[in-house]
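A quick write-up on the structure given underneath.
Below, chains carry the letters A, B, ... as their sequence lines are ordered, and counting in each starts from 1.
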Amino acid sequence: MDLYDIRGGGLDVIREESEHQELSRESTTMEPYNVVSDRGGRADPGRFHLPESEIVTIRNQLQGKVAEMESFAGHLEEIFLTVEENFGRQEQHLEQHYNDVLQTLSQRYDERSAGLEEEKKGKLEALYSQLLACGQAMDASKELIETAQEIYRSQDKRLFLKVIEEFAKEDIDLTLTTSLEFNTPLADLSDVKTMMDSINVVPVINPQMPNSATQTSLRVCWSLFSDDTVEYYELYYRPVLEDTPADTCAPHVSNIKVKETHCTVTDLLPNAQYELWVTATNTTGISPASEKALYMTVPSPPVIKQRECTSCPEAALIRWESGNTNPVDSYTVELSETGTDGTQSGVTESIVAVPTCQCLIQLQTGRRYLISVRAVNIGGPSDSSEVITVSTTGTLFYLLEDSAHPCLSISEDGFTIFYGDEELPISAVALDDTFTRCVAVLGDLIPVRGRHYWEVEVDDGTEYRIGVAYEDTERNSYLGANNTSWCMRHILTPSSWSPDLRITVNPVRIGVALDYDRGSLSFFNVDLKQHLHTFNAHFRNYVQPCFGMDNPGALTVHNGIEAPEYAFI
Amino acid sequence: MALTQVSSNKCAGGFQKVFEHESTELKCKMKFAVYLPPKAETGKCPVMYWLSGLTCTEQNFITKAGSQLPAAEHGIIIVAPDTSPRGCNIEGEDESWDFGTGAGFYVDATEEPWKNNYRMYSYVTEELPKLINANFPTDPDRMSISGHSMGGHGALICALKNPGKYKAVSAFAPICNPVQCPWGQKAFSGYLGSDKSTWEVYDATVLAASYSGPQLDILIDQGRDDQFLSASQLLPDNLIAVCSEKKIPVIFRLQPGFDHSYFFIYSFMSDHIKHHAKFLNA
């Protein structure tokens, strides 16, 4: 944080404030004049009386300034704390650095003094032994002289010459065994010098700035609070892996050399945490490494699952895949309304802190919306996912393909089911969710308790059963034949069944109207606008549309249709 | 045409009234019931004509059918005429309960001594609507017709013979094919003579086979335990077969446990009025 910037800005604020304070003082001091003039009886409202609206305006301005001052004060406090923190760190480093230097020096001192001690000992020993030798030699000489004197006094002159000869043979070494000089090696303090000259200040790596990261890159900034010259900085980074056992090799550390105090690291993985640290280098060497900072790249954008999104006139349910292997913190859903000609109205809404991969959004009826999702972690929000268009005309749903009986095949667009003539292949395995007896499939209706309408198109000769069922309706039971489903079943005559309803015109397009509040499920022949039947039932749970086929044929679901008037009278 | 109010009772937010008038078609005094819903006080309402069955007067429907509440809810005026001319002193008119008094069969008789007075078809389709439209806050373009048993037969033939005149039609246990059932044969031979070709113009099943006109949507409720159904007086299968052939939309509901009585009518009256309202209030 650069103190200079803050200081400049802050003063501006203060200056403005004082101006306003003067103004306010003026306004308040004007009051007494007003009062006086009133008391005096000669009220001159035009001249001295300050109109109320201006007072209000000034008051509002002052309130605004107070708020600004408060936030400025808060800002200052933050700076204060950061400065204290930074300086604390610097002090620590300085202490440590000098401790190191002192330690090195005292080490050298110990070495040198030990060396000196050794030398002294050596020399003394040598001299002492020389001294001893000298002493011995002197004693021997003295003896010799005495002997010589004795012999001189004696008669045998030949013996005297013999001894003298022996004596003369001996050489006395009179040179000193040791040198007179001290052997003082040059102190090697180069490394200490280096230490003193080196950048002893540790670079400070900044915490991650919001919105500075992308999916594959991080923008890292740092600073060096020192007058030392820097040739270059070296930024090191490695990914933080979630669960690395202690003895496996650590992830590879990469590094970049830069001259500036910032760097954009690229080629990173999305939604990943990285450890970064930086050193500064000049001719004297490399500074100690900064503290390790943790940065996180932004996640990859989510992928909206089109076939699992569903909507109705009042709401939409959007489901998506995270798009990231590791968890993210939350999701943000963004929506904007679009006009019928494709232009965006610019009205946008963001729903933040969505914890799971789905979101139920309240919407207005009869509009079109563009909806997209972002994944969010501490590095920031990801890019927006692909946009999905939602229309709040009628109810839209896809089929729950996992629930389809093995004999049913579903068209590519997901709205037509076919019941073929072929024998059920033995290899066809029924999954947990599929219907096993009734050749049927469920729809994925939005869980909103309002009014829903959809249409079913069939061939003239098709026998089918359609309606709604609870999501957990028995999969090995027949739709309509239990108390968890409500169906209208179309049978061709002649039939052994005694029908509830006989009709003269087979519907090929059936409208189904579900009203949770009224507790009704109605069926209509859409082409004739003819009401066929209504169930009155209280649906205690949410229901799903169900479609079953009793003879081979095709059935198409049409939805996203505004309910006709007669559907809900 | 002078109307005399016979009675008026506040009912379901509106008024159930009975009027009497001198009929020009039937040449006698005739009573009819009119229910005026609350909406009639402030605006024009559509009209549903109800034709009652054998032995009924204008009283049975208004006291037993439970029509007033749904009529009030949907804002529909319900007119219920009598089932035959009264007090004409025709010989033999009171001999049977299924012929003569209380059994007009909604035809214009051509045989003596009936042809002078027994003109219920014209009364219901011409005179009565004119009278109603002149004296009550009605929308003359929005009429529908319904009935029970003989009245069901009456409703069906009026709708089939007058394409576009009635916006909706429904029936309770109607006599669908009178030329084939004992009731119809007795009444038609009496009113229309022995030439069966003259009967066909008053038979719903025959009329349906040659119907051409705006699309109808016929709702029929029939009690499964109706003694007259099992006595082959009603013959709905014949009508259904012809309508299936001609693609005339019919919803035929066989209601288990129900008989021919007004208890049956009461149970499904609101469904029928709702059906009529869909077309009358469109």
Neighbour count >12 (heavy atoms, 6.0 Å) for atom CG, B:L69: no
Counting only heavy atoms not in A:F568 (residues, nucleotides, ligands), do more than 12 fall under 6.0 Å from its CZ? yes
Take atom NZ of B:K196 as the centre, draw a 6.0 Å sphere, and report whether it contains more than 12 heavy atoms from other residues, nucleotides or ligands. no
Quick one, B:H275 and A:H531 - any side-chain contact, counting heavy atoms below 4.5 Å? no
Heavy-atom side-chain proximity of A:D500 to B:R253 below 4.5 angstrom: no
Can you confirm whether more than 12 heavy atoms, excluding those of B:K165, are under 6.0 Å from its NZ atom? yes
Answer yes or no: is there a side-chain heavy-atom contact under 4.5 Å between A:L501 and B:I251? yes
Heavy-atom proximity to chain A below 4.5 Å, by part of B:I248: backbone
Provide the closest heavy-atom pair for A:T504 versus B:C243 in the form atom of the first, atom of the second, distance. CG2-CB, 3.5 Å
Nearest 0.5 Å please: distance from the CD1 atom of B:I220 over to the CZ atom of A:R502. 10.5 Å
Relative to chain A, which of B:Q215, B:E245, B:H74, B:R224 shows the most heavy atom pairs under 4.5 Å? B:Q215
How many angstroms lie between atom OH of A:Y566 and atom NZ of B:K274, to the nearest 0.5 angstrom? 13.5 Å
Is the shortest side-chain N to carboxylate O distance from A:K529 to B:D217 below 4.0 Å? no
Spacing of CD1 belonging to A:I503 relative to CD1 belonging to B:I240, to within rounding of 0.5 Å: 10.5 Å
